[in-house]
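Input: a single structure, listed below in structure tokens.
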Amino acid sequence: MYDVIVVGAGPSGLNAALILGRALRRVLLVDSGEPRNARAHAMHGFLSRDGVDPAEFRRIAREDLAKYETVTVRDVAVASVTADEAGASVELADGTTEQAHSVLLTVGRRDRLPEVGGVAEWWGQGVYGCPYCHGFEVRGRKLAVLGAETSAAHLAVQLTRYSSDVVLFTNGTPEFDEEAAAALKVCEVEVRTDAVEQVTGADGHLTGVRVAGETIARDAMFIKTPLDAHGELAEALGCELMDDGSVRIDEHGHTSVDRVYAAGEAARLPNWPSPWIHAVTSAALGAMVALSIDHDLIVADVRSKFGM
Ligand SMILES: Cc1cc2nc3c(=O)[nH]c(=O)nc-3n(C[C@H](O)[C@H](O)[C@H](O)COP(=O)(O)OP(=O)(O)OC[C@H]3O[C@@H](n4cnc5c(N)ncnc54)[C@H](O)[C@@H]3O)c2cc1C
């Protein structure tokens with residue numbers, strides 16, 4: 001029997017397991033091997049690890065965990081979780097079942113990419129979602145934004161801080177509002193409404209965007225992707241979910257189901273406008289919720305000693 005089973009070994013689950021393992025909690029960390037940034041070669045903005053390959057980041061984090069006999073890591077998907085007053089039970093895809101006092105869901109999210117040729121191929125390696133993560137490296141270069149919504153126009157305006165050469169490819173009729181259209185004009189963003197035929201690249205680099213038979217040379221593309229939740233486990237448990245699929249948590253990481261906690265990109269407080277979608281914020285939330293889980297376990301330990 002474990003104290004805590006952590007589902008998902010991205011920055012959030014890894015940091016939670018570290019805090020709990022160091023608190024002498026018996027922790028099982030389980031992962032299905034599909035981190036959100038799997039396609040990226042570099043992870044930026046994480047203090048002391050700026051620019052590291054995300055796979056290397058996870059390897060180092062697991063190396064840290066290996067020092068703690070309190071932490072067990074298993075590479076297997078969690079098929080289902082149940083929780084009641086007696087504890088939590090976690091069924092793994094290899095057919096085994098593990099028990100714990102509590103479960104922490106740090107299952108992350110996944111990007112829903114537009115169905116435009118080349119986007120999936122260059123995702124994370126020339127096509128990006130976040131200027132804070134990848135804008136600095138392409139400053140001064142020829143940049144593209146793909147999208148017809150107001151959010152795409154805002155992204156294009158934001159990118160003019162990094163480059164004076166930003167083209168917004170709407171791939172059809174623009175849907176952005178008047179204010180966004182005005183901002184694009186003021187910031188001198190060129191808007192192309194033709195159907196996008198292909199995002200092109202060669203030798204590991206993005207090279208352009210083909211519209212109407214013409215290839216417009218570009219060095220990088222940014223898109224605002226909808227983020228789907230890995231919500232299956234939380235939903236089956238009966239955890240309250242927000243409109244965007246996030247697991248609703250309180251300030252301590254509790255979900256609406258007793259003994260079930262959530263952290264990282266999978267979770268958010270109702271008063272947050274959206275989940276925080278960076279590695280360092282996910283790690284921080286994982287650590288915060290781990291501290292809160294430990295606190296709840298201390299209370300439970302003391303109560304059981306006094307037969308309460
Ligand atoms: C292309 C790209 C580039 C990025 N670059 C940066 C960057 O430079 N800097 C930055 O700060 N952020 C970056 N991000 C964002 C960053 O990847 C996320 O913020 C971070 O990974 C979220 O951490 P997490 O622990 O919440 O989720 P994840 O890292 O996605 O980890 C969740 C884990 O849970 C596992 N899981 C899911 N369901 C199950 C299950 N049923 N059983 C077992 N395991 C399960 C998954 O396999 C996965 O390993 C980037 C994202 C993308 C897409």
Side-chain angles (χ1 to χ4, degrees), residues 8-15 34-61 106-114 116 118-147 149 151-169 189 199 201 204-206 209 218-230 244 246 263-268 272-287:
S12 184
L14 286 160
N15 215 339
E34 296 173 301
R36 192 177 146 227
N37 58 3
R39 294 268 305 159
H41 288 330
M43 185 178 94
H44 293 281
F46 200 116
L47 195 68
S48 85
R49 291 282 181 268
D50 189 36
V52 71
D53 183 323
E56 175 65 0
F57 171 84
R58 288 185 291 271
R59 191 197 63 73
I60 296 168
T106 50
V107 291
R109 305 177 85 88
R110 58 177 89 89
D111 298 82
R112 203 183 321 142
L113 299 178
V116 169
V119 167
E121 186 184 347
W122 293 101
W123 177 238
Q125 297 164 25
V127 178
Y128 305 107
C130 169
Y132 297 102
C133 300
H134 303 284
F136 186 86
E137 283 63 42
V138 294
R139 66 195 184 283
R141 311 290 290 276
K142 297 175 190 307
L143 304 183
V145 173
L146 177 64
E149 310 77 24
S151 60
H154 289 165
L155 181 58
V157 167
Q158 182 183 0
L159 283 163
T160 58
R161 192 184 333 143
Y162 297 89
S163 171
S164 57
D165 183 355
V166 179
V167 180
L168 172 58
F169 296 89
V189 174
V199 176
H205 297 286
L206 194 126
V209 179
R218 296 289 98 185
D219 300 309
M221 170 181 270
F222 287 80
I223 48 179
K224 199 116 196 143
T225 57
L227 284 172
D228 292 331
H230 286 279
D244 61 3
S246 301
E265 288 193 345
R268 76 174 167 97
W272 291 353
S274 60
W276 293 103
I277 50 170
H278 293 94
V280 76
T281 49
S282 292
L285 190 54

* **Pairing residues for Asp165 by the salt bridge (charged side-chain N to carboxylate O under 4.0 Å, His left out) criterion, not counting sequence neighbours** => Lys142, Arg218

Give, for atom [atom1] of [X] and atom [atom2] of [Y], the distance between the pair rounded to the nearest 0.5 Å.
{"X": "Arg49", "Y": "His44", "atom1": "CZ", "atom2": "NE2", "value": "14.5 Å"}
{"X": "Arg141", "Y": "Asp219", "atom1": "CZ", "atom2": "CG", "value": "4.0 Å"}
{"X": "Thr106", "Y": "His230", "atom1": "OG1", "atom2": "NE2", "value": "10.5 Å"}
{"X": "Thr225", "Y": "Leu146", "atom1": "OG1", "atom2": "CG", "value": "11.5 Å"}
{"X": "Asn15", "Y": "Leu285", "atom1": "CG", "atom2": "CG", "value": "10.5 Å"}
{"X": "Leu113", "Y": "Trp123", "atom1": "CG", "atom2": "CH2", "value": "5.5 Å"}

* Can we say Glu265 and Arg36 salt-bridge, meaning some charged N sits less than 4.0 Å from an Asp/Glu carboxylate O? -> yes

* Is the side chain of Ser12 donor-acceptor paired with the backbone N or O of Ser282 at a distance under 3.5 Å, no angle test? -> yes

* To do: Begin with the C-alpha distance, continue with both residues' side-chain angles, and end with the deciding distance and a verdict on side chain to side chain contact (heavy atoms under 4.5 Å, CB included) for Val189 and Thr160.
  => CA-CA 8 Å; Val189 174; Thr160 58; 3.6 Å; yes

Heavy-atom pair with the smallest gap, counting every atom of [X] and [Y]:
{"X": "Leu206", "Y": "Trp122", "value": "CD1-CB, 4.0 Å"}
{"X": "Ala144", "Y": "Phe169", "value": "CB-CE1, 3.6 Å"}
{"X": "Ser274", "Y": "Asp244", "value": "CA-OD2, 4.5 Å"}

* How far apart are the C-alpha atoms of Leu159 and Phe222, what are their side-chain angles, what is the distance that settles it, and do they pass the side chain to side chain contact (heavy atoms under 4.5 Å, CB included) test? -> CA-CA 9 Å; Leu159 283 163; Phe222 287 80; 3.7 Å; yes

* To do: Tell me, with the steps shown, if Arg39 and Asp111 meet side chain to side chain contact (heavy atoms under 4.5 Å, CB included).
  => CA-CA 11 Å; Arg39 294 268 305 159; Asp111 298 82; over 6 Å; no

* To do: Identify, with sequence neighbours excluded, every residue that meets side chain to side chain contact (heavy atoms under 4.5 Å, CB included) alongside Ala266.
  => Val107

* **Derivation of the side chain to side chain contact (heavy atoms under 4.5 Å, CB included) call for Tyr132 and His278** => CA-CA 9 Å; Tyr132 297 102; His278 293 94; 4.0 Å; yes

